[in-house]
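Structure first, then comments.
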Amino acid sequence: MGDMFRSEEMALCQMFIQPEAAYTSVSELGETGCVQFRDLNVNVNAFQRKFVTEVRRCDELERKIRYIETEIKKDGIVLPDIQDDIPRAPNPREIIDLEAHLEKTESEMIELAQNEVNMKSNYLELTELRKVLENTQGFFSDQEVLNLDSSNRAGGDNDAAAQHRGRLGFVAGVINRERVFAFERMLWRISRGNVFLKRSDLDEPLNDPATGHPIYKTVFVAFFQGEQLKNRIKKVCTGFHASLYPCPSSHNEREEMVRNVRTRLEDLKLVLSQTEDHRSRVLATVSKNLPSWSIMVKKMKAIYHTLNLFNMDVTKKCLIGECWVPTNDLPVVQKALSDGSAAVGSTIPSFLNVIDTNEQPPTFNRTNKFTRGFQNLIDAYGVASYRECNPALYTCITFPFLFAVMFGDLGHGLILVLFGAWMVLCERKLARIRNGGEIWNIFFGGRYIILLMGLFAMYTGLVYNDVFSKSMNLFGSRWFNNYNTTTVLTNPNLQLPPNSSAVGVYPFGMDPVWQLADNKIIFLNSFKMKLSIIFGVLHMVFGVCMSVVNFTHFKRYASIFLEFVPQILFLLLLFGYMVFMMFFKWFSYNARTSFQPETPGCAPSVLIMFINMMLFKNTEPPKGCNEFMFESQPQLQKAFVLIALCCIPWMLLGKPLYIKFTRKNKAHANHNGQLTGNIELAEGETPLPTGFSGNEENAGGAHGHDDEPMSEIYIHQAIHTIEYVLSTISHTASYLRLWALSLAHAQLSEVLWQMVLSLGLKMSGVGGAIGLFIIFGAWCLFTLAILVLMEGLSAFLHTLRLHWVEFMSKFYEGMGYAFQPFSFKAILDGEEEE
Amino acid sequence: MEVFLTIVFFTIFWAAVAKYGPILFTKQPHDDLVRCIFLLTAVVCWLFWLCCYLAQLNPLLGPKLNGNTIRIIASSWGNPIKEG
């Protein structure tokens, strides 16, 4: 069968690789991505494995790459995104070159950073000094004026006093602005009011050389008398982390110092600028290669991690690895190993042995971009057991179709088609969007599902004849009005009689007159409920039939008769019969017949008839009607119910009794030592390639029946039987959600029409046009937000449940585990998602 | 007779979709996935149409319309009301 009918055949392989070719061979296997390695060193902890040193080297390289990447992002350089031309894992010589290159780059970056910090510190100090010198001009000018006033006031008689006042000392510096008030208060206290402080805020912030953060600072000058006070003031300045700078009191000396500082600042700024340029050039050069290096190091690390799963055979001097490989991919793996050996010129080839095993292989379903979404839906419920039927193959159509039965509307389906088609047609471009968010990833991953859901919704919308809750009259309504003018005018409501007004059948879809009818819900409910049961029963029958495919493949032929036959009989005799009654009712009861028992008034309810059938009850029919649809129906119904009831002990006891019987036969045969092969085949077990008795015992254990005590088997089968019988009834009722959601969707759509858009259409004049414009926008918004998004999500989830529970519970085990190949692509994708 | 022909027409149509759809759709018409998809599509679409058709084959009740609707139908759908 096809590639999705069941999971791929898997082979457990043992590979023997020469140590010198191990790295390149595993590299080739990582590129192909079709090998799942097993850990042969489970008992060895991570630090004692053979290639721990190499893994640590890769970790160190990764750390350096992360550091350089951080520096690059700090400078705002955009790293190129590698989509095509992904580099391969480096070979040993390239590793050494890469290591040296990263080492050199990292050292250079660290040195540049350190130099920059030092130079920025110098720059800051010089800047502060310049600020001090510039801002203290005013301070000292004021002081000279004060001195002159003092001299004048003294008059000349008091020369000694004048000289004494001229010996005022001072310190000048810069302090953080937020500390100025505390600083001032402290100075005032220690000097008991004998310090004169002048300060000036700097307008522009200065950059902290270490962190680069802007800091606002204030220039200050403190005037005082005496050496003792000077020492105290300096201590306070140190405590407040103020920077003190020398400042000559003479105007000429200050001017000269300002000039010198400015010259040095210019020189330092030039050097800083050159350093920055150099750093940018280094980073720009590295940033071109850094993504490639990052990928190469990740691949290298993955290779060494994989090599740690291998065993080292000391005698043969080769590495031994065990892995699961899809059987169809064995040639690919062989070629990868050959390429790996050829890359290093190894004279002894690495080779691959296929091992027979009784272990359960991993489950691998080969998908393409179309089927991946559906396979993910199924795997979310449970990964199929090995070689079990894959429901995803049929889900490709049944899922969108059942969604469409609930969502059926031509207009809303068209919206889904446009959205899905856009994602499909532009998928190559849209696939490059990396940071679209989780919701976008879900939509894009399911773009084919959305497209098919839209297409089927358009089809079911055509059949329902529903376009945003309105109908189209494409083929001419088959209902004709036979009333005359007087009757129409005198009666507010008229019901067209089906025996004279209906002429023929509307050929495709629902007759448009029903959209206009006041009693359309009654008619549509009847139709959609029958539709739900018909599709539901067929879906379940299909699911039960799938179990035959599984039984046949696993050679459990006895289960066909002991499990499948009673299950399908139970389902068909009860609910298949119900479906038959629906079709029969459609055909036999009509309004034109002259046979009174087949007139509309006598049409029995299928549900009531079914309930009476199960309960062996009778209902008195209306006068002139027959209770049953056809002759011999009561006898037929009784027979069906009795046979269905017999199926229950059949399911319950058949398999345990068979197992019991075969066990006795098997024990007898083993005792005689004859007919062992025949007994195996009779039992339905898969014949093993090897005939060792140990394997036979394991085989029995693998199937889980020979080892179980009989009481467990009886209990297990009882649970299964009860589950099947009850779930057949409840699942049939569960499919009625197809009708319920379809009704809800149609009514919501009609409410939007009645309450929103038609109000706009009733307006008139210029204001009406503007109002209609606004109301149409609101209608569009509600249509998209409520009917397409919310209702679509609701229908999606209900469809998902119908598949997971109602359909797959009929045949699906889902006890497998997924095949997770060693693949560089998967590793890199996973890294990017994190 | 008309009913029979309509059912035959749609059955043949969907059977043709199931049989020739893979050939027209892809260059690998024998791919089991494509054939399964077209076959399932044909079956479910045909059955869906058939249920809708049969539900209207012998209607048990007629639509209830108000007077305005009847007059609009008379003028729009070419089904005039009889005088009298």
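Reminder, nothing fancy here: chain letters follow the sequence lines and each chain counts from 1. Any value given below was found using the heavy atoms of this structure, including those in side chains, with hydrogens, waters and symmetry copies removed.
- Looking at A:P400, there are no atoms closer than 4.5 Å to chain B (heavy atoms on both sides), in backbone or side chain.
- Using a 4.5 Å cut-off between heavy atoms, B:T69 touches chain A through its side chain atoms alone.
- Only the side chain of A:N473 comes within contact range of chain B, judged by heavy atoms closer than 4.5 Å.
- Counted within 6.0 Å of CZ on A:F580, heavy atoms from surrounding residues, nucleotides or ligands total more than 12; the atom is thus considered enclosed.
- Only the side chain of A:F401 comes within less than 4.5 Å of a heavy atom of chain B; its backbone N, CA, C and O stay farther away.
- Classified by interplanar angle (parallel below 30°, tilted 30° to 60°, perpendicular above 60°), the ring pair A:F535/B:F48 is tilted.
- A:F583 and B:C51 get closest at one heavy-atom pair: CZ-SG, 4.3 Å.
- Taking B:S76, B:P59, B:G67 one by one and counting their heavy-atom pairs under 4.5 Å with chain A, the maximum is reached by B:P59.
- At least one side-chain heavy atom of B:C45 sits under 4.5 Å from a side-chain heavy atom of A:F456.
- In this structure, chain B has heavy atoms under 4.5 Å from both the backbone and the side chain of A:L494.
- Across all their heavy atoms, A:N519 and B:P63 have their closest contact at OD1-CA, 3.5 Å.
- Interface remark: A:P497 contributes no atoms to any contact with chain B (heavy atom separation under 4.5 Å).
- Listed by chain and residue number, nothing satisfies the ring-ring contact (aromatic ring centres under 6.0 Å, His included) test with A:Y589 (two or more places apart in sequence, or in another chain).
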Go through A:V513 and B:W77 one step at a time and tell me if the side chain to side chain contact (heavy atoms under 4.5 Å, CB included) criterion holds. CA-CA 10 Å; A:V513 77; B:W77 288 358; 4.3 Å; yes

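- Contact annotation for A:K585: only side-chain heavy atoms (C-beta onward) come within less than 4.5 Å of a heavy atom of chain B.
- With a 4.5 angstrom heavy-atom cutoff, A:T460 touches chain B via backbone and side-chain atoms both.
- A side chain to side chain contact (heavy atoms under 4.5 Å, CB included) with B:I70 is found for one member of A:T487, A:V488, A:N493 and no other, namely A:V488.
- Taking B:I7, B:V44, B:L40 one by one and counting their heavy-atom pairs under 4.5 Å with chain A, the maximum is reached by B:V44.
- Counting heavy atoms from C-beta on, the side chains of B:L60 and A:P498 never come closer than 4.5 Å.
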Check the pair A:M510, B:C52 against side chain to side chain contact (heavy atoms under 4.5 Å, CB included), reporting the backbone distance first and the verdict last. CA-CA 7 Å; A:M510 195 60 60; B:C52 186; 3.7 Å; yes

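- Counting heavy-atom neighbours within 6.0 Å of B:K64 NZ, excluding the residue itself, gives a total of 12 or less.
- Proximity of the aromatic rings of B:W14 and A:Y459 is defined here by a centroid distance below 6.0 angstrom, and this criterion is met.
- Heavy-atom distances place the side chain of B:F10, and not its backbone, under 4.5 Å from chain A.
- Residue A:L531 touches chain B through its side chain alone, counting heavy-atom pairs closer than 4.5 Å.
- Among the candidates B:L57, B:V43, B:I37, the residue making the largest number of heavy-atom pairs closer than 4.5 Å to chain A is B:I37.
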B:L39 and A:I397: CA distance, side-chain angles, deciding distance, side chain to side chain contact (heavy atoms under 4.5 Å, CB included) verdict: CA-CA 9 Å; B:L39 179 63; A:I397 293 301; over 6 Å; no

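- Only the side chain of A:I522 comes within contact range of chain B, with heavy atoms under 4.5 Å apart.
- With hydrogens and angles ignored, the 3.5 Å screen pairs a side-chain donor or acceptor of B:N58 with a backbone N or O of A:F587.
- Considering only heavy atoms from C-beta on, B:Q56 comes within 4.5 Å of A:W514 through its side chain.
- Across every non-hydrogen atom of A:L516 and B:L65, the tightest pair is O-CD2, 3.8 Å.
- Within 6.0 Å of the CG atom in A:L761, the count of heavy atoms belonging to other residues, nucleotides or ligands exceeds 12.
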Side chain to side chain contact (heavy atoms under 4.5 Å, CB included), that's the test. Do A:V505 and B:L54 meet it? Break it down for me. CA-CA 9 Å; A:V505 188; B:L54 294 184; over 6 Å; no

